[in-house]
Amino acid sequence: MDSTGSNGWSHDDHTPLSKWQLSSDILIAFAYFSIPLELVYFIYRSQVFPFRWVIAQFGLFIVLCGTTHLLTLWNYISNTKSSHICMTIAKVTTAIISCGTAVVLLRVIPELLDVKKREVFLIAKTAELDLEVGKIRKEEETLRHVHFLTDEIRSSLDRNTILNTTLVEISRTLKLESCNIWMPKLGGEVLELKYKLGYQEIPPFMIPVIDETVRLVCVNAGATVVSSGSALARLGCLYENDDGHVAAVRLPLLSTASFNCSPKIEEATMFAIMVLELPFGRLQWSKHELELIEAVADQVVVALSHATVVEESMQARDLLIEKNIALECAKREAELAVVARNEFLAVMNHEMRTPMHAIIALSSLLRESKLTTEQLSMIDTISKSSSILSMLINDVLDFTRLEAGSLCLDPQAFQLSNFLKEAEELVTPMAQSKKLPLSMAIRGMIPSNVCADSNRILQVFLNVVGNSIKFTSEGHIKICVYVEDADSESMPSELSSPRREVKHMFLHFNVEDTGIGIKASDLQRLFHKFVQADSSITRNFGGSGLGLAIARKFVELMGGKIRLESEGLGKGSTCKFFVSLGVVTDLESETLISPKKLQQGSDLLGLKVLVVDDNAINRIVTHRLMETIGCKTTVTDSGQKCLEILMTAGPGAYQILLLDLSMPEMDGFTVTIEILKRFKIGERPLIIALTANSDAHTRQRCFDVGMEGVLTKPISLEMIKIELSALLENFKYHGCSS
Ligand code: ADP
């Protein structure tokens, strides 16, 4: 850098060389000053560069180098002392800075190397991150597709719509060539091509589930790329490409049965399979595409299970509706059957009683005439047989009504002691006829006025005592009656009346006999219909096996119980039963039913009776009955004629009107209403229905329209006397009769 060499060589001596040096120095100085500027620019722009101060030091070093070159230039031109001094200062400074820079660089180089390492690492990391971001983006994209598909697929709860939408949407998203779904058939033994994108009519292709590819797809939880030669690919796809363009995924099908206990996809026994085909020429499914297929398949499975729940609940609902309709029909039919049965019963009741009436009434009339002993015995047999038949008819009809629930109690207030006396009076002659001593003891105090269906209590009593008499040939019959306080809640509601203060009691009957006895194993069985202890019973004692069954039904209807007790065969038996009673404490005496008096009918002599019946035989029978009793009888065959006779005869001409209820044109009820309209009380006869309809409803209706009494056919001479006398007595007592 010195302009004068040690050998005394000067600038002027080598002018061309000096010029070259001069120009080089200018260029070096320019370069030395421009490099720091570039470094400053670099430092300014680089935000993360860690060694700024080193660069600054390096820049300063370069500037100083540049300065020394400039000073060399100056020295070259002026060669003064001051230029030398400046040159020296510059050189010293440059030496310090350059040595400092060298030292600093020594220290910094490892660090710089480290930074480099970090940079490489960072570059690698950035690349990785880029990959990750790419993946995330792809996943997001997949998710977006899946969301979109899911929304579309799940927008329906109909299996067909779900599967068709799946085909359309997945094909659009993945730009597929074809897509189809195979559904299980024949209990899952085969798969049937059921849905094919763009096809309405699907060829009837089937693949057994034991097919190798099908099994492979089914055991694999994810999407499986299947061979293009497999049945799944061949039958459903459009192109015969090389392997790799067809993928399949299983769709587990859950049924509602699987929902009972937390369902697991792995436990699904039925599978559908979705087969997807890439466009012609593409032979490779990307990982991302396969993932998308799997994600969609999962969503389809969820949608299908929802659809299954809905489908099956709809089916269950339809089934329920069908069942309800069937039940409704069955109910209607049953109701119609009940109506038909009731109608049949009513008709049979009427139709059977009418001829029975003729037989019983006429045989009782015949009995009154002059007969030989043989004829008398024949008439007795006819009477007995007909009353057995009549009882059987009554029993069968009662039992049928009880079973159908159409028989209602008819509770009335009555005097209990009189009732018991009457009951005893009825059974005593029966026992006497077999020379059996019968005693009836009333234990403790009994209420005087009670409310219950006395007829039904009497019916049960007669049946039970009748059995004791029937099945006892020697010994005795002992009847014990007592009452006991009852729990009011166990009382049948019809025995209570809001108008009366009613206390509830149980009326107990124990009927003990010394008859044939009963085996322990038969004690319960005998209360079933048509059951007798053994087959010899009918032969030896008669009966139908209905009496106890009816008795039990009546007793239960009256809030009580009945049971048989026996030590065994030959050891006699005891029948115990009780029924609920309403004890009437504030009853007015006139509301009580007067006991039927067993009169001989002398008070009926000479009474004027009008008999109205459309049935010719009945007219003859009733006419004969009334004539035999001693009444003056007029008969007519229609309601209209009855009214005419009464109108013509005038007030008080007839004391009794015996009126049939079922007559054509004008029935007994209408006739009664007409009579009540036309005659004042006291001017008309007592209107008494003589009917074959024995049900409580008909009876009640008779009283409701204003009749004074009801006689039920069949009726014997004896009974008609008793009944008519009781009625007359009752009405005389109340001052109603003319
Ligand atoms: P029926 O008397 O018409 O046969 P029941 O229903 O009244 O029908 O009686 C059923 C059966 O119970 C009778 O056939 C008889 O075998 C048995 N039975 C009822 N009461 C007695 C009794 N007091 N002693 C012995 N057996 C009886």
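Computed over heavy atoms, backbone and side chain alike; hydrogens, waters and symmetry mates excluded.
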Should we say atom [atom1] of [X] is surrounded by more than 12 heavy atoms from elsewhere, each under 6.0 Å from it?
| X | atom1 | result |
| --- | --- | --- |
| Glu474 | CD | no |
| Gln524 | CD | no |
| Glu335 | CD | yes |
| Arg624 | CZ | no |
| Ile617 | CD1 | no |
| Gln375 | CD | yes |

Does the pair [X]/[Y] count as a salt bridge with the N-to-O cut at 4.0 Å?
| X | Y | result |
| --- | --- | --- |
| Glu674 | Arg678 | yes |
| Asp380 | Arg367 | yes |
| Lys576 | Glu565 | yes |
| Arg525 | Asp522 | yes |
| Arg684 | Glu708 | yes |

Mark yes or no for whether [X], through its side chain, and [Y], through its backbone, hold a donor-acceptor pair below 3.5 Å.
| X | Y | answer |
| --- | --- | --- |
| Thr670 | Met666 | no |
| Ser363 | Ile359 | yes |
| Thr691 | Asp660 | no |
| His476 | Leu436 | no |
| Ser573 | Ser566 | no |
| Thr622 | Arg619 | no |
| Lys434 | Ile469 | yes |

Check whether any side-chain heavy atom of [X] lies under 4.5 Å from a side-chain heavy atom of [Y], and answer yes or no.
| X | Y | result |
| --- | --- | --- |
| Ile457 | Phe554 | no |
| Asp485 | His504 | no |
| Val427 | Leu462 | yes |
| Leu458 | Leu426 | yes |
| Leu366 | Ser369 | yes |
| Ile675 | Leu646 | yes |
| Ile516 | Leu569 | no |
| Leu724 | Leu711 | yes |

From [atom1] ([X]) to [atom2] ([Y]), nearest 0.5 Å:
| X | Y | atom1 | atom2 | answer |
| --- | --- | --- | --- | --- |
| Phe419 | Leu581 | CZ | CG | 9.0 Å |
| Leu604 | Lys721 | CG | NZ | 8.5 Å |
| Leu658 | Asp613 | CG | CG | 9.5 Å |
| Lys553 | Ile562 | NZ | CD1 | 13.0 Å |
| Leu507 | Phe577 | CG | CZ | 7.5 Å |
| Leu610 | Gln655 | CG | CD | 11.5 Å |

Show your working on side chain to side chain contact (heavy atoms under 4.5 Å, CB included) between Ser417 and Ile446 and close with a plain yes or no.
CA-CA 8 Å; Ser417 53; Ile446 55 161; 4.2 Å; yes
Would Arg701 pass as a cation-pi partner of Phe669, given that its NZ or CZ must be under 6.0 Å from the six-membered ring centre and within 45 degrees of the axis?
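Because its charged atom sits under 6.0 Å from the ring centre and within 45° of the axis, Arg701 does stack over Phe669.
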Between Tyr482 and His508, how do the two ring planes meet: parallel, tilted or perpendicular, split at 30° and 60°?
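Tyr482 and His508: parallel rings.
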Please find the pair of heavy atoms, one from [X] and one from [Y], that lie closest to each other, and give the distance.
| X | Y | value |
| --- | --- | --- |
| Val621 | Ala361 | CG1-CB, 3.1 Å |
| Cys702 | Val710 | CB-CG2, 3.6 Å |
| Cys480 | Arg443 | SG-NH1, 3.9 Å |

Can you list the steps and then say if Phe506 with Val579 is a side chain to side chain contact (heavy atoms under 4.5 Å, CB included)?
CA-CA 5 Å; Phe506 284 134; Val579 293; over 6 Å; no
For a quick check under 3.5 Å, do Thr633 and Glu627 share a side-chain donor-acceptor pair by atom type?
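Yes - a donor-acceptor pair under 3.5 Å links their side chains.
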Please tell me whether Gln700 and Asp704 have a donor and an acceptor in their side chains that are separated by less than 3.5 angstrom.
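Per modelled atom types, Gln700 and Asp704 side chains form a pair under 3.5 Å.
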Could you go through Leu564 and Thr574, starting from their C-alpha distance and side-chain angles, then the distance that decides it, and tell me whether this counts as side chain to side chain contact (heavy atoms under 4.5 Å, CB included)?
CA-CA 6 Å; Leu564 276 170; Thr574 304; over 6 Å; no
The single option from Thr472, Asp513, Ile479, Val511 that satisfies side-chain contact (heavy atoms from CB on, under 4.5 Å) with Leu438 is Ile479
Test ring pair (Phe, Tyr, Trp, His ring centres under 6.0 Å) on Phe509 and Phe461; report intermediate values, then the result.
CA-CA 8 Å; Phe509 293 88; Phe461 176 83; 5.5 Å; yes
Got a sec, which residues hit side-chain contact (heavy atoms from CB on, under 4.5 Å) with His528, two or more places apart in sequence or on another chain?
Val531, Arg552
What verdict does the side chain to side chain contact (heavy atoms under 4.5 Å, CB included) test give for Leu659 and Thr672, after you've listed the backbone C-alpha separation in whole Å, the side-chain angles of each residue and the deciding distance to 0.1 Å?
CA-CA 9 Å; Leu659 189 59; Thr672 307; 3.5 Å; yes
